[in-house]
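The structure appears right after this line, and notes come after that.
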Amino acid sequence: MQEIKNTPTRIPRSKHTFSRRNMSPAALNVLYQLHKAGYQAFLVGGGVRDILLGRIPKDFDVVTNALPEQIRSLFRSCHLIGRRFVLAHVRLNKEIVEVATFRAHHDKGSGGGMMEDGRIVRDNVYGSTVDDDAWRRDFTINALYYDISDFSLLDYAEGMTDLREGVIRLIGKPEQRYKEDPVRMLRAIRFAAKLNFTIAPSTIEPIPKLADLLADIPPARLFEEVLKLFLSGHAVESFVQLRQYGLFKQLFPYTEACLDDPVSLALIEQGLHITDKRTAGNKPVTPAFLLATLLWPVLSRSFPDQHVKGINRQEMLLEASQQTLAKQQKYVTIPRRISVLIQEIWLLQVRLTRQRRGKRFLNVIEHPRFRAGYDFLVLRANTGEEKMLEFSQWWTQYLTDNKSNQELSQKTSSKKHPRRKQKSKQA
Ligand code: ATP
Ligand code: MG
């Protein structure tokens, strides 16, 4: 078990490779301003970890001994957010830096913390020192602190060794730490997939047994985690490992039940692969396309693929799609702005596969989601839905022959939904 050391290893500036030049100017500015005002200030978490690994951090998290109100009075544009975990969002030059007051372990402080059956439901026990704060961090590689006062690094839990050796290791007793916050199970997989690290045996071992604790997590928080798992460029690897340790079925139980069917599995694997390729190429990826893919096998099982006389397929599909989304929402929230798009992609599957291809049929090209619908049709055709091949080839040919139409439809579909920056919060 990896304990937190009472006295961290302090690595002086001359002995480490972390450089301020790799931080965003806004994060650096926040650190300096806190320091100038007489507070302690550290960069912690992914910002330190990723820079040490030569990667570009997604965001920068700052911790300080200043209390939320004191942080607020120091910066011109600053909002306090969250209840479960109060945080200051400092906005500088359009960038947001998250600033948190040191937290302490729950048995140390009093007042702001709340536990229910070993689970942290509120985490506002302020600690007075950075030593206190290190206890609540999840993994050793996330408990490295960069001290703006002398540019040294503080290593509380042999994080530098794990970083070098490529290991994801929980701090403290794994079972207890997962019970405090089951989302840490998803985070272990996410970091392993993202960094291509291995998970320490003691950290992975309890996961299958504790996976069902995710049922206690609000579906809205799981939605944020799902986006991070599947839209950060490592969706395929995350999917494989989530399934391997029994976590995927906690998030998408109905999808999991379809995965014995090779066509469904291929659709999802290929959909995730395309998502990763787009991320690698800096192309936008939309939660709607991802979720439309993950839930298509569930939907298509409740919808006959044959044309049934006298039945309006569009209406049937609409009803089936509403049911599919409603059952999934009990596990992972899908905000309305996204579920509307998912349904559009699904409903386009009927419009794109009509037998008669007259003028009315071609109107579908004006649909704002035409491109996503077409891409989805191609994905289905290429992953084993053979009946779709003819349609996908027909459309591909049509689009090649009518390039100007194609450009028009691309413009409309990309304009409507720019990628939204997702950010969820800590435990
Ligand atoms: P990334 O931003 O790349 O997803 P990160 O490690 O910075 O990775 P954040 O969610 O931004 O992750 O959290 C910042 C830091 O807060 C983490 O590095 C970790 O120290 C701590 N943290 C976040 N979530 C938890 C949690 N559920 N339990 C314990 N510590 C957490
Ligand atoms: Mg972060």
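We count ligands from 1, going down the list as the structure has it; atoms in each ligand are counted the same way.
- Relative ring orientation between Trp346 and Trp296 is described as tilted, the plane-to-plane angle lying within the 30° to 60° band.
- Residue Asp59 approaches ligand 1 through these ligand atoms, each under 4.0 Å from one of its heavy atoms: 2 (O), 11 (O).
- Between Leu153 and Val48, some side-chain heavy-atom pair lies under the 4.5 Å cut-off.
- Closest heavy-atom approach to atom 9 (P) of ligand 1 among the candidates Arg103, Arg187, Lys58: Arg187.
- Numbered from 1 in the order shown, with element, the atoms of ligand 1 that lie under 4.0 Å from a heavy atom of Gly45 read 18 (O).
- Against a heavy-atom cut-off of under 4.0 Å, Arg49 is close to the following atoms of ligand 1: 1 (P), 3 (O), 5 (P), 6 (O), 8 (O).
- The closest approach of Asp61 to the Mg ion (ligand 2), by N/O/S atoms, is made by OD2.
- Of all atoms in ligand 1, numbered sequentially from 1 with element shown, those under 4.0 Å from a heavy atom of Asp61 are 7 (O), 11 (O), 14 (C).
- Counting the atoms of ligand 1 from 1 in the order shown, those under 4.0 Å from a heavy atom of Arg190 are 4 (O).
- If you check the side chains of Tyr374 and Thr396, you find a donor sitting under 3.5 Å from an acceptor.
- Distances below 4.0 Å separate heavy atoms of Gly46 from the following atoms of ligand 1: 5 (P), 6 (O), 7 (O), 18 (O).
- Within the 3.5 Å criterion, the main-chain N or O of Pro335 finds no donor-acceptor partner in the side chain of Thr333.
- Backbone and side-chain nitrogen or oxygen atoms of Phe191 are examined, and none is located within less than 3.5 angstrom of a nitrogen or oxygen of ligand 1.
- Aromatic ring centroids of Phe376 and Phe289 lie under 6.0 Å apart.
- Of all the listed residues (Asp181, Val48, Val183), Asp181 holds the heavy atom that lies closest to atom 27 (N) of ligand 1.
- In Asp59, the N, O or S atom that comes nearest to the Mg ion (ligand 2) is OD1.
- Between Tyr145 and Arg137, the side chains place a donor N or O and an acceptor N or O closer than 3.5 Å (distance only, hydrogens not considered).
- For atom 20 (O) of ligand 1, the nearest non-hydrogen atom from the set Arg137, Lys228, Arg177 comes from Arg137.
- Between Tyr126 and Phe102, the ring centre distance reaches or exceeds 6.0 Å.
- Interface of Arg136 with ligand 1, defined as ligand atoms under 4.0 Å from a residue heavy atom, comprises 29 (C), 30 (N).
- Residue-ligand proximity, Lys194 to ligand 1, at heavy-atom distances under 4.0 Å covers atoms 3 (O).
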Would you mind writing out the side-chain donor-acceptor pairs for residues 3-14 within the sub-3.5 Å range, not counting sequence neighbours?
unit_1: Lys5; atom_1: NZ; unit_2: Thr9; atom_2: OG1; d: 2.7
unit_1: Lys5; atom_1: NZ; unit_2: Glu158; atom_2: OE2; d: 3.4
unit_1: Arg10; atom_1: NH1; unit_2: Asp147; atom_2: OD2; d: 3.3
unit_1: Arg10; atom_1: NH1; unit_2: Asp150; atom_2: OD2; d: 3.2
unit_1: Arg10; atom_1: NH1; unit_2: Ser152; atom_2: OG; d: 2.7
unit_1: Arg13; atom_1: NH1; unit_2: His16; atom_2: O; d: 2.7
unit_1: Arg13; atom_1: NH2; unit_2: Phe18; atom_2: O; d: 3.3

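- With a 6.0 Å cutoff to the six-membered ring centre and a 45° limit on the axis angle, Arg20 counts as a cation-pi contact of Phe151.
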